[in-house]
Amino acid sequence: MKLSRYFFTTIRETPSDASTSSHIFLIRGGYIKALSTGIYSFLPMGLRVMQKLETLIRKEMNNIGGLEVDLPVVQTKELWQESNRYSDIGEELLRFKDRNEHPMVLAMTHEEAVTDMARYVLSSYKQLPFMLYQFKVKYRDEARARGGLIRVREFLMKDAYSFHSSSESLDIHYKEQYDAYIRIFNAVGIEPIVVESDTGIMGGKIAHEFMLNTPIGEDYLILCDKCGYQANREIALFKTNPYRGNEKAELKKVHTPHKTSIEEVSEFLNVPANSTAKCVFFENDSTLITVVVPGHLDVSEIKLKNILKTSELLPAEDELILASGMVPGYASPINSKNTRVFIDKNIVDASDLVIGANETDYHYMHCTPKRDFENYEVADIAEASALCLCYQCDHPLTETRGIELGNIFKLGTKFSESMKAMYLDEQGKSKAAVMGCYGIGVGRLMASVIENSHDDYGPIWPKNIAPFQVEIVSIGKDAPVLDAAEKLYNELLQQGFEVLLDDRDERPGVKFKDADLWGIPVRIAISKKTLENEQVEWKLRSEKSFELISLHDVLAQLKDFYA
RNA sequence: CGGGAUGUAGCUCAGUCUGGUAGAGCGUCUGCUUUGGGAGCAGAAUGUCGUCAGUUCGAAUCUGGCUAUCCCGACCA
């Protein structure tokens, strides 16, 4: 491709509305253009990278027996009612009506559509297992898109779905997907952290997320350096030693004026935060849910939702809390009524705690839950943090942040049962297919590669997904230089390389800056000076320095580089 | 959905406090010079100052509504 005929623009200054490296470089390099919040157009340069990622992922999906299909983005309300997700999913699912006033949705994922396809074809156990996948736009009406391609509303996803006659068969394929994902991410220079993740209320059993470890990540990961336990913080298991003081001491009310937070109370009474109890309130299905966790920890709303088997959990209104005999800011389940009380397992055996006295400006000291609480349920409900210990090996946990690049998920029979994707087994008995689903956000992966591999001037693309394999830059206007550049360009093209020729009448500085923004692995510069010795400058994007090599050695060296 | 910030030329931004005919740099176009890391000189084009209303003799500037974008949080099968 000759740049003089290419469609692009590059931006010299940092766009005012971009703050992460990938966002900045994707805009500055002319890869993408924002159309609206979280909705992006891809220019030719950006699409090339996306297509290469697709090719890479497609190869791995085919390798593990995948069959590519194409499922519609616009779907009917009825389809989503079959799986119950029409009502289970909130505003993230975009709903609209067609010209006949028929309710429709924009698919945010394709379990329903693929299950509909599967039930059309599937009739016998002999057809199982199979795996279908596609590259398809998803639309999610995100409450808050951010970070360029990191979190968007419309995006391209590789989504795969497998169907099995047994959970053992699913297990085998799940592992194949796991390994394929590792190969895909490794192929673009990423060593993902694989964490156990939430399976939600959607009938799933086991799920993993593949995370890029980065400070700009939106997910928090809990890791054990000793035994290798890794989980998303929202569901991470952990231990923490319950605070134990004087178990005999009687409840004692103390004056704590205007001290409503754990921090204020522990400082005021001069006690450690883990010797306090935090009382948090939610509302679910018109019922007040009271949760007590160790003062130094937070409630995991995901854990609580899973315990309650609901996706609906709202912060409770003060009136509801007061009506249950508790006082926000000074609350405890002691003498409460009309509420369901959950005590975190890490605090139920504690003693001598500070907790609210259900009276403004007063707390109790010497609270021992097992003695002082009534009618409570014990659950794993607090959120892990770096203050906690590994539940497997007692080693202190560490915490880091990550971007979710992909996930794999054992769905079980939730969709096949509700949507009747059935087959006859060896005994002629009708059974629901066992399913798994596997997703990778392609655009997010593109952005993540940049986050993972860039310098001050632009992305440093891995060889296999760079928009072009080699860029030739001519320096100056001398006819012999231009001729040599064009000749080399044609030669490399004929040899099957993807070549970008910067034949613009621009100063070298401009050309080099743009080359850095495109991050093409090999840059070959030809100038009057180098040509005097029949040489060119060979520079790798990943290196600072260049070398002069013979014009005649370029092809061999390039072949060697891409071998 | 809460909190914060911003919206002025294609881009980055000044001007707003203290109301008085719209600015700079970069980019674009023309010409000359220049040619190894976003050049120099000369000239030119470019704006419903996000939008609607209000105050005022007069609004980019003051007031209110709306809207868009970004950041933090909530949310995220």
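Note on naming: letters A, B, ... go to the chains in the order of the sequence lines (proteins, then strands), and numbering restarts at 1 for each one. In this text, all values refer to a predicted model and were calculated from it rather than measured experimentally.
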Item to check | Qualifying residues under side-chain contact (heavy atoms from CB on, under 4.5 Å), relative to Ser453(A), sequence neighbours excluded | outcome: Ile460(A)
Quote, to the nearest angstrom, the [atom1] distance that separates [N] from [M].
N	M	atom1	result
C62(B)	A14(B)	P	15 Å
G23(B)	G15(B)	C1'	7 Å
A39(B)	G27(B)	C1'	14 Å

Checklist entry - Are any of the side-chain nitrogens in Lys303(A) or Asp380(A) under 4.0 Å away from the carboxylate oxygens of its partner? => result yes
Think [X] has a side-chain N or O under 4.0 angstrom from the OP1 or OP2 of [N]?
X	N	answer
Arg85(A)	A77(B)	no
Thr9(A)	G10(B)	no
Ser36(A)	A68(B)	no
Thr109(A)	A77(B)	no
Ser19(A)	C70(B)	no

Item to check | With Glu404(A) via salt bridge (charged side-chain N to carboxylate O under 4.0 Å, His left out) - residues at least two apart | outcome: none
Opposite nucleotide pairing with [N], Watson-Crick or G-U, both atom distances under 3.5 Å:
N	result
C57(B)	G20(B)
C41(B)	G31(B)
C75(B)	none
C11(B)	G25(B)
A68(B)	U6(B)

Checklist entry - Between Arg153(A) (CZ) and A77(B) (P), how many Å, whole number? => result 18 Å
Checklist outcome for this item: From NZ of Lys539(A) across to C1' of G37(B) the rounded distance in Å is 11 Å
Next on the checklist: As an exercise, state the distance from CE of Met446(A) to OG of Ser22(A), rounded to the nearest 0.5 Å.
Outcome noted: 9.5 Å
Checklist outcome for this item: Of Leu35(A) and Asn407(A), the one whose closest nucleotide on RNA chain B sits nearer the 5' end is Leu35(A)
Checklist outcome for this item: Ranking Thr530(A) and Ala145(A) by the position along RNA chain B of their nearest nucleotide, the one closer to 5' is Thr530(A)
Item to check | Quiz item: Glu218(A) side-chain donor-acceptor pair to G73(B) base, under 3.5 Å | outcome: no
Next on the checklist: Please determine whether any donor N or O and acceptor N or O are separated by less than 3.5 Å between the side chain of Arg523(A) and the base of G37(B).
Outcome noted: yes
Between [options], which nucleotide gets closest to the side-chain atoms of [X]?
X	options	answer
Arg146(A)	C75(B), G37(B), A39(B)	C75(B)
Glu301(A)	C13(B), A74(B), A77(B)	A74(B)
Arg140(A)	C71(B), A77(B), U35(B)	A77(B)
Glu13(A)	A77(B), A39(B), C11(B)	C11(B)

Checklist entry - With a distance cut-off below 6.0 Å to the six-membered ring centre and an angular limit of 45° from the axis, does Arg85(A) pair with Phe415(A) as a cation-pi contact? => result no
Item to check | Donor-acceptor contact below 3.5 Å, side chain Asp285(A) vs main chain Thr287(A) | outcome: no
